[in-house]
There are 2 protein chains.
Amino acid sequence: MATTRTDPLTLEVVDLIGTVVARYYEEYDRAAAAHSLTGAQARVLGLLSLEPTPMRKIAQKLKCEPSNVTGIVDRLETRGLVERRPDPADRRVKLAAATEKGARTALQLRESLGFAREPLAELSHAERAVLRDLLRRMLGVDAES
Amino acid sequence: MATTRTDPLTLEVVDLIGTVVARYYEEYDRAAAAHSLTGAQARVLGLLSLEPTPMRKIAQKLKCEPSNVTGIVDRLETRGLVERRPDPADRRVKLAAATEKGARTALQLRESLGFAREPLAELSHAERAVLRDLLRRMLGVDAES
DNA sequence: TATTGTTATACTCTATAACTATA
DNA sequence: TATAGTTATAGAGTATAACAATA
């Protein structure tokens with residue numbers, strides 16, 4: 001295993017990954033903006049479309065302070081995309097949940113994210129499998145399938 | 001070429017790329033914060049450590065409005081990491097350039113970004129070459145080497 | 001006492017529009 | 001007149017600290 005700090009091949013792969021990251025964010029923000037959402041709002045809406053979530057847990061998933069989530073959910077709530085519900089089990093907790101309208105928006109958002117899907121169309125099934133295995137090993141993910 | 005919208009393999013690869021992107025940003029922000037820099041400041045400092053750049057061109061590379069660059073460079077300049085120089089060829093233009101201190105910081109920043117480098121160490125040289133070729137094709141990049 | 005969510009505050013990033021100094 | 005950079009303004013995301021309600 002050669003040094004991965006200086007060899008040209010590794011540097012090129014790092015650079016390519018940087019390009020993937022940049023393109024991913026561009027497309028994400030563009031898709032969100034198409035629904036007049038910021039990136040953070042789109043991310044929270046996506047989370048809540050999966051399941052109602054306590055404010056505190058949203059902050060953990062976003063890796064930010066809980067106080068920030070208040071404002072983001074406020075703005076989504078103002079637009080009727082999200083609502084706050086009491087948690088029957090703990091009256092301190094508020095569950096943020098996507099409304100029907102919010103769930104529809106989240107679905108459209110997900111479907112408009114062609115990135116990483118369209119570029120993958122350039123690869124054959126076998127090549128995608130190779131890419132999957134390499135990414136898994138890079139990330140230290142256990143194979144599941 | 002099967003549909004890349006629904007088949008499980010493609011969905012998993014998309015998910016893995018999402019994880020790569022998230023980890024990339026986490027590490028970038030963490031490295032920047034270690035030098036008390038925001039992500040945007042670290043990005044601009046990295047650019048300027050390569051070559052002095054007109055304010056307008058910085059905005060183009062960051063894909064933001066030129067007015068934003070003024071503040072970012074202001075903050076870097078206050079900390080002695082960057083300086084503004086006149087452009088001899090056009091007196092309207094200001095060239096932002098990394099100071100010696102700024103160049104040192106940029107170098108440390110670059111070296112502390114182990115991500116995409118450390119994970120790659122898990123792969124053999126041949127595997128990294130395969131990954132490079134697949135990423136190139138995904139991104140529609142012409143092979144150069 | 002500890003925890004949940006919120007408020008208050010301050011800073012950074014962002015876009016828009018108006019301004020200045022050059023070209 | 002067109003362009004480069006700045007300023008002014010407003011909205012959004014962020015962290016910190018202090019607070020009310022509940023556990």
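Throughout, a chain's letter reflects where its sequence line sits, starting with A, and its residues are numbered from 1.
- Of the candidates B:Leu76, B:Thr53, B:Leu81, B:Val44 forms a side-chain contact (heavy atoms from CB on, under 4.5 Å) with just one, namely B:Leu76.
- Regarding B:Asp29, its CG atom lies at a distance of 13 Å from the C1' atom of C:dT12, rounded to whole Å.
- Between B:Ser112 and B:Ala31, the shortest heavy-atom distance links the atoms OG-CB, 3.6 Å.
- At whole-Å resolution of the value, NZ in B:Lys61 and C1' in C:dC13 are 21 Å apart.
- Within 4.0 Å (heavy atoms only), B:Asp87 reaches no atom of the nucleic acid at all.
- Residue B:Met55 contributes atom CE, which lies 16 Å from atom C1' of C:dT22 at whole-angstrom precision.
- Mapping B:Pro66 and A:Lys63 onto DNA chain D by nearest heavy atom places B:Pro66 at the nucleotide closer to the 5' end.
- Note on A:Thr38: only backbone sugar-phosphate atoms sit closer than 4.0 angstrom, heavy atoms only; bases stay farther off.
- Per the geometry, CD belonging to A:Glu65 stands 13 Å off P belonging to C:dT4, to the nearest Å.
- With distances taken from any side-chain atom of A:Val93 to the nucleotides C:dT12, C:dT4, C:dA15, the minimum falls on C:dT4.
- Distance, A:Leu95 CG to D:dT22 C1': 15 Å, rounded to whole Å.
- Here the closest non-hydrogen pair linking A:Ala97 and A:Leu48 is N-CD1, 4.2 Å.
- If you measure from atom CG of A:Asp90 to atom P of D:dA23, you get 6 Å, rounded to the nearest angstrom.
- Each of A:Arg84, A:Lys101, A:Lys94 was checked for a salt bridge (charged side-chain N to carboxylate O under 4.0 Å, His left out) with A:Glu77, and the lone residue meeting it is A:Arg84.
- Distances were taken from every side-chain heavy atom of B:Arg56 (C-beta onward) to each of C:dC13, D:dA4, D:dT7; the shortest belongs to D:dA4.
- Protein atom CG of A:Asn68 is 13 Å distant from nucleotide atom C1' of C:dA8, rounded to whole Å.
- Side chain of A:Arg92, nearest nucleotide from D:dG5, D:dA12, D:dA23: D:dA23.
- Listed nucleotides C:dA15, C:dG5, D:dT22 differ in distance to A:Arg91; the shortest reach to its side chain belongs to D:dT22.
- Under 3.5 Å, the side chain of A:Ser67 and the base of D:dT16 form at least one donor-acceptor pair of N or O atoms.
- From A:Thr70, atom OG1 reaches atom CD of A:Glu65 across 11.5 Å, with rounding to the nearest 0.5 Å.
- OP1 or OP2 of D:dT6 lies within a sub-4.0 Å distance of a side-chain N or O belonging to B:Lys94.
- Atom-to-atom, CD1 of A:Ile72 to P of D:dA12 comes out at 11 Å; the value is rounded to the nearest Å.
- Backbone-only engagement by B:Arg84 is indicated by non-hydrogen atom pairs under 4.0 Å involving sugar-phosphate atoms exclusively.
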